4 protein chains.
Amino acid sequence: MMKAAKTKRRNAATANSAKGRSATSTVGATSSQTGRVANPPNRAARAAQRRAAIIAAGLDEFTARGFAATRLDDVAKRAGVAKGTIYLHFKDKEALFQELVRTALVPLIGNLMTVPAAGGSVREILERFAETFVRDVAGTKRGDIVRLIMAEGTRFPSLADFYFREVVSRGLAGMRKLIEYGIERGEIRNARLADFPQIVIAPAMVAVMWQGLFGRHAPLDAVAMLKVHLDLIFGERRAS
Amino acid sequence: MMKAAKTKRRNAATANSAKGRSATSTVGATSSQTGRVANPPNRAARAAQRRAAIIAAGLDEFTARGFAATRLDDVAKRAGVAKGTIYLHFKDKEALFQELVRTALVPLIGNLMTVPAAGGSVREILERFAETFVRDVAGTKRGDIVRLIMAEGTRFPSLADFYFREVVSRGLAGMRKLIEYGIERGEIRNARLADFPQIVIAPAMVAVMWQGLFGRHAPLDAVAMLKVHLDLIFGERRAS
Amino acid sequence: MMKAAKTKRRNAATANSAKGRSATSTVGATSSQTGRVANPPNRAARAAQRRAAIIAAGLDEFTARGFAATRLDDVAKRAGVAKGTIYLHFKDKEALFQELVRTALVPLIGNLMTVPAAGGSVREILERFAETFVRDVAGTKRGDIVRLIMAEGTRFPSLADFYFREVVSRGLAGMRKLIEYGIERGEIRNARLADFPQIVIAPAMVAVMWQGLFGRHAPLDAVAMLKVHLDLIFGERRAS
Amino acid sequence: MMKAAKTKRRNAATANSAKGRSATSTVGATSSQTGRVANPPNRAARAAQRRAAIIAAGLDEFTARGFAATRLDDVAKRAGVAKGTIYLHFKDKEALFQELVRTALVPLIGNLMTVPAAGGSVREILERFAETFVRDVAGTKRGDIVRLIMAEGTRFPSLADFYFREVVSRGLAGMRKLIEYGIERGEIRNARLADFPQIVIAPAMVAVMWQGLFGRHAPLDAVAMLKVHLDLIFGERRAS
DNA sequence: GATGAATGAGAATTCATTCAT
DNA sequence: AATGAATGAATTCTCATTCAT
């Protein structure tokens with residue numbers, strides 16, 4: 001009746017790959033049709049490019065279908081490489097999956113850490129954070145990764161651990177610092193908030209889930225929501 | 001050439017079934033009509049029992065492995081029935097999955113609607129709600145279902161729709177009413193909260209996710225967290 | 001793409017059965033609702049009726065799908081009995097199949113033997129035979145049986161043997177006698193025809209096949225064809 | 001939890017393949033391009049060879065058991081390939097079946113069209129045709145195909161259509177032309193025979209059926225039979 | 001290094017047959 | 001005797017993984 005997870009794509013996959021180079025490198029790719037390698041951007045670079053293409057393709061497929069339902073055949077097609085090539089770079093499906101998630105998580109971590117670096121009041125910092133988050137994570141591929149981890153975390157404890165260690169605990173630590181700073185500055189009244197930085201993050205997480213699951217049918221003004229939430233934390237603002 | 005007489009009937013089937021049943025069904029060995037063993041109700045009851053056992057087993061397996069990675073063979077084993085029996089009750093794997101989720105969701109819905117029914121201040125109601133939620137959902141099989149939907153929602157849009165329709169929108173509507181009542185009563189100052197009942201729910205959702213993913217390594221005092229969150233919403237309480 | 005042999009009938013089956021009684025006995029069946037058997041048309045008769053219903057249903061199914069693709073479930077449904085009942089009358093699927101074909105063959109045999117009994121010239125006899133054959137066999141259920149034997153004969157040698165013994169050799173023997181009579185009477189000139197009675201039968205067999213396979217798209221005037229064939233055997237007729 | 005390293009490769013695959021291939025493919029070990037063993041053609045050739053082996057094996061199995069009762073496992077074994085390989089060449093069992101029949105039919109068609117090409121009287125042509133037919137079709141694999149179509153035609157209408165279009169209607173058209181030529185030449189007296197070329201073919205068809213079903217127990221001198229039939233059509237010959 | 005044809009373990013689904021009611 | 005729920009062997013089809021080219 002429903003036939004989910006069966007989408008025989010089979011095409012449109014090679015679109016963004018065409019040998020998997022276009023996305024990342026518009027580098028020195030002048031020409032290379034008939035001959036073998038008229039312009040070889042040295043072996044290592046080529047390999048790295050392929051690897052990146054596989055990771056990118058895998059990310060799309062895994063977020064769309066989950067680990068078990070993803071076919072390496074499709075990943076290969078999307079990456080513009082042969083199936084066997086995947087095994088040149090990754091031990092097996094699981095290794096690809098784990099590495100891919102780890103790789104995708106790094107920018108998320110970076111992002112998390114840099115935003116607050118900018119100055120201003122804590123409220124201002126969090127407001128900027130909220131905007132950045134909604135723009136760059138919720139409803140984007142980045143958000144899909146978060147949802148992917150929620151989905152597969154139980155089956156891949158090491159992944160959940162990694163996520164916890166690298167993203168969650170760091171993010172919460174940073175958030176805690178910020179909260180403490182806000183308390184210090186008198187911006188935040190409730191001192192116990194520092195014990196549960198999750199509270200500050202929670203609506204953002206809900207936004208991610210919402211966009212992924214219900215966004216299509218019931219769009220959510222995530223920025224507005226996060227601002228109301230900040231009002232709760234900092235006390236209502238006079239001027240909007 | 002012609003295969004005949006193959007079925008090796010063996011009555012060890014009901015042996016391991018108790019394991020599969022006990023977890024969910026509190027039906028237990030209460031009565032017995034026609035006689036024979038301790039618990040052999042009539043045909044229809046037996047069928048219903050088996051069906052329930054399959055659903056219970058399926059729930060365990062699906063929440064543990066996700067849709068694609070669950071083997072009906074395992075579900076059957078856990079339910080103490082033969083593989084074919086599943087197909088007597090459900091058209092295919094997907095039908096089982098969907099029905100199972102829907103079935104599991106109903107008590108959740110009921111729960112959600114009854115708790116606030118009790119009287120008292122809005123703060124008291126929400127506090128009671130938080131306690132109930134933490135006890136009955138977060139970290140329990142119920143929570144697993146929620147996480148299951150988060151995980152498979154994208155692949156089973158009709159499920160996500162169902163969940164949205166039956167649980168999310170109803171729950172949010174109830175929550176909104178409660179918030180409006182709180183605003184009316186002067187308990188809640190920020191009127192815009194009524195626009196985003198998700199904010200009130202958010203930490204609870206995060207608690208569910210947390211317990212499922214990180215609970216083992218980094219336990220979270222969910223009740224305490226939810227109380228701090230209520231403090232943000234209602235203003236700090238003087239006496240705890 | 002094609003999906004043959006999958007027709008999930010599932011209904012319309014119980015029509016001609018309604019407990020399998022109506023067909024044969026309108027006997028003393030006054031009433032028999034609540035009690036066990038207020039008016040038992042004796043056990044044996046009931047059993048025979050059921051058996052007949054199963055055979056009739058089996059014939060339909062087997063001719064439509066072939067042996068392997070026929071489901072006993074469908075046979076039971078069409079016969080208006082439970083699946084298990086089939087096993088009360090037949091050892092297994094194969095036994096049902098074989099007996100059913102044998103049963104169905106008997107009238108064919110009878111038919112074959114009686115027609116020529118009538119008097120007249122050999123030409124007249126064969127013309128009558130042709131008409132009867134086209135009307136009662138080609139394009140009817142009887143013809144389906146013949147085609148069924150052609151189809152499954154290789155897999156059921158005992159069936160092919162039975163068919164050969166009971167139908168083919170008898171039929172050919174009868175036909176040979178007729179030919180010899182025709183030669184004697186001077187109606188048939190080619191004496192060697194008696195060595196190959198198959199020749200006389202051949203166009204009739206082709207008609208059976210044709211109707212079953214191509215009849216829908218390319219109808220064949222079988223009677224006309226058979227008459228032309230008789231013209232070859234007897235020499236052209238003056239008056240048509 | 002994760003299954004890894006399961007494929008127990010064993011190179012005994014090609015061992016029993018010879019058996020499966022030799023029967024049908026007269027391709028044999030003729031040449032060898034790149035070297036290595038006795039018969040290792042290039043990729044494409046290997047693929048074509050495998051495909052041919054599958055078709056040959058399928059033909060044997062399908063004619064022996066019919067569509068439904070044939071196991072792809074057996075086809076694979078007979079072809080000397082792995083089960084999965086079949087799916088590299090054919091979408092599913094049905095696709096294999098249909099293509100196989102079509103493929104097998106082509107030579108039949110060719111045959112049909114070339115034989116009459118030779119000159120001589122119509123009687124001579126048909127006599128030659130009869131001999132060729134008996135030798136190359138009746139009682140051979142070719143004949144099995146015809147019987148296979150008779151058997152499965154009802155369940156695969158598109159096959160029956162194909163057979164009708166490509167073999168039957170062409171064959172009949174050719175036969176009709178021949179008959180008309182015979183009438184023109186005065187060899188055939190009954191002009192209406194041109195309306196039913198089936199009559200000329202009929203004994204040949206019966207011969208095919210006969211050899212397949214009863215040939216073992218009751219051999220039939222098909223050539224003699226067809227000659228007697230020709231005597232009917234052309235009038236008896238003086239000298240045999 | 002790349003490729004993709006080939007492999008075969010594995011999982012879903014079907015259906016003849018049995019047997020408790 | 002009749003029923004039809006339950007069983008599990010058998011079969012199709014998929015896809016991760018390997019390896020000859």
Side-chain angles (χ1 to χ4, degrees), chain A residues 43 46-47 50 68-76 81-89 91-94 96, chain B residues 2-11 13 34 36 40 42-44 46-47 50 68-74 76 81-89 91-94, chain C residues 19 37 43 46-47 50 68-76 81-89 91-94 96, chain D residues 2-11 13-14 34 36 40 42-44 46-47 50 68-74 76 81-94:
Chain A
R43 285 291 180 84
R46 288 271 304 267
R50 275 169 192 280
T70 291
R71 288 185 293 273
L72 289 192
D73 227 340
D74 289 344
V75 173
V81 302
K83 220 175 346 159
T85 305
I86 294 177
Y87 287 85
L88 256 30
H89 293 277
K91 182 179 153 288
D92 58 14
K93 192 185 181 186
E94 191 172 336
L96 166 62
Chain B
M2 291 286 358
K3 303 288 157 47
K6 20 200 157 156
T7 335
K8 255 120 219 182
R9 195 155 304 278
R10 99 274 84 100
N11 42 13
T34 19
R36 185 82 69 179
N42 55 58
R43 278 276 188 91
R46 282 281 298 270
R50 271 167 193 280
T70 291
R71 291 184 294 273
L72 288 193
D73 227 343
D74 289 344
V81 301
K83 238 181 315 168
T85 304
I86 295 177
Y87 290 87
L88 251 34
H89 294 277
K91 185 181 149 289
D92 58 13
K93 191 184 180 184
E94 196 174 320
Chain C
K19 279 323 54 69
V37 196
R43 285 291 181 83
R46 289 268 307 265
R50 274 171 193 279
T70 291
R71 289 186 294 272
L72 288 191
D73 227 340
D74 289 345
V75 173
V81 302
K83 222 180 338 166
T85 304
I86 294 176
Y87 287 85
L88 255 32
H89 293 277
K91 183 180 154 288
D92 58 13
K93 193 185 181 184
E94 191 173 335
L96 166 61
Chain D
M2 292 294 346
K3 304 286 159 48
K6 19 197 159 158
T7 334
K8 254 123 218 180
R9 195 155 304 278
R10 98 273 90 92
N11 42 12
T14 22
T34 18
R36 187 80 70 178
N42 55 58
R43 279 278 188 92
R46 283 281 296 270
R50 273 168 192 280
T70 291
R71 292 183 293 273
L72 288 192
D73 227 343
D74 288 346
V81 303
K83 237 181 317 169
T85 304
I86 293 178
Y87 290 87
L88 250 36
H89 293 278
F90 306 93
K91 186 181 149 285
D92 58 12
K93 191 184 178 182
E94 197 175 319

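Everything numeric here is computed off the predicted structure, so don't read it as measured data. Within every chain, numbering begins at 1; the chains are lettered A, B, ... in the order of the sequence lines, protein sequences first and strands thereafter.
- Atoms CG (B/Asp73) and C1' (F/dA10) sit 14 Å apart, rounded to a whole Å.
- Per the geometry, CG belonging to C/Leu72 stands 16 Å off P belonging to F/dG4, to the nearest Å.
- Side-chain N/O atoms of A/Thr85 include none lying less than 4.0 angstrom from OP1 or OP2 on E/dA2.
- Whole-Å rounding puts the D/Ile86 CD1 to F/dT14 C1' distance at 14 Å.
- Expressed to the nearest 0.5 Å, how far CG of A/Leu72 lies from OG1 of A/Thr85 amounts to 12.0 Å.
- Protein atom CG of B/Asp74 is 13 Å distant from nucleotide atom C1' of E/dA12, rounded to whole Å.
- To the nearest angstrom, C1' of E/dT7 lies 13 Å from CZ of D/Arg46.
- A/Lys93 comes within 4.0 angstrom of the backbone, heavy atoms only, and of no base.
- The end-to-end axis angle of the helix from E/dA2-F/dT21 to E/dT21-F/dA2, rounded to 10 degrees and based on five pairs per end, is 0°.
- Atom NZ of D/Lys83 and atom P of F/dT12 are 9 Å apart (whole Å).
- Contact check, C/Arg50 against F/dA1: no side-chain N or O comes under 4.0 Å of OP1 or OP2.
- Atom NZ of residue B/Lys83 and atom CG of residue B/Asp74 lie 11.0 Å apart, to the nearest 0.5 angstrom.
- In terms of phosphate contacts, A/His89 brings no side-chain nitrogen or oxygen within less than 4.0 Å of OP1 or OP2 of E/dG1.
- Of the listed nucleotides (E/dA11, E/dT14, F/dT3), E/dA11 has the atom at the smallest distance from the side chain of B/Arg71.
- Ranked by how close their nearest DNA chain E nucleotide is to the 5' end, D/Gly84 and B/Ala68 are led by D/Gly84.
- With sequence neighbours excluded, no residue forms a side-chain hydrogen bond (donor to acceptor under 3.5 Å, both in side chains) with D/Asp73.
- A straight line from CZ of D/Phe90 to C1' of E/dA6 spans 15 Å, rounded to a whole angstrom.
- Summarising the geometry, the separation between OH on B/Tyr87 and P on E/dT14 is reported as 7 Å, rounded to the nearest angstrom.
- Base engagement by C/Leu88 is indicated by at least one non-hydrogen atom pair under 4.0 Å involving a base atom.
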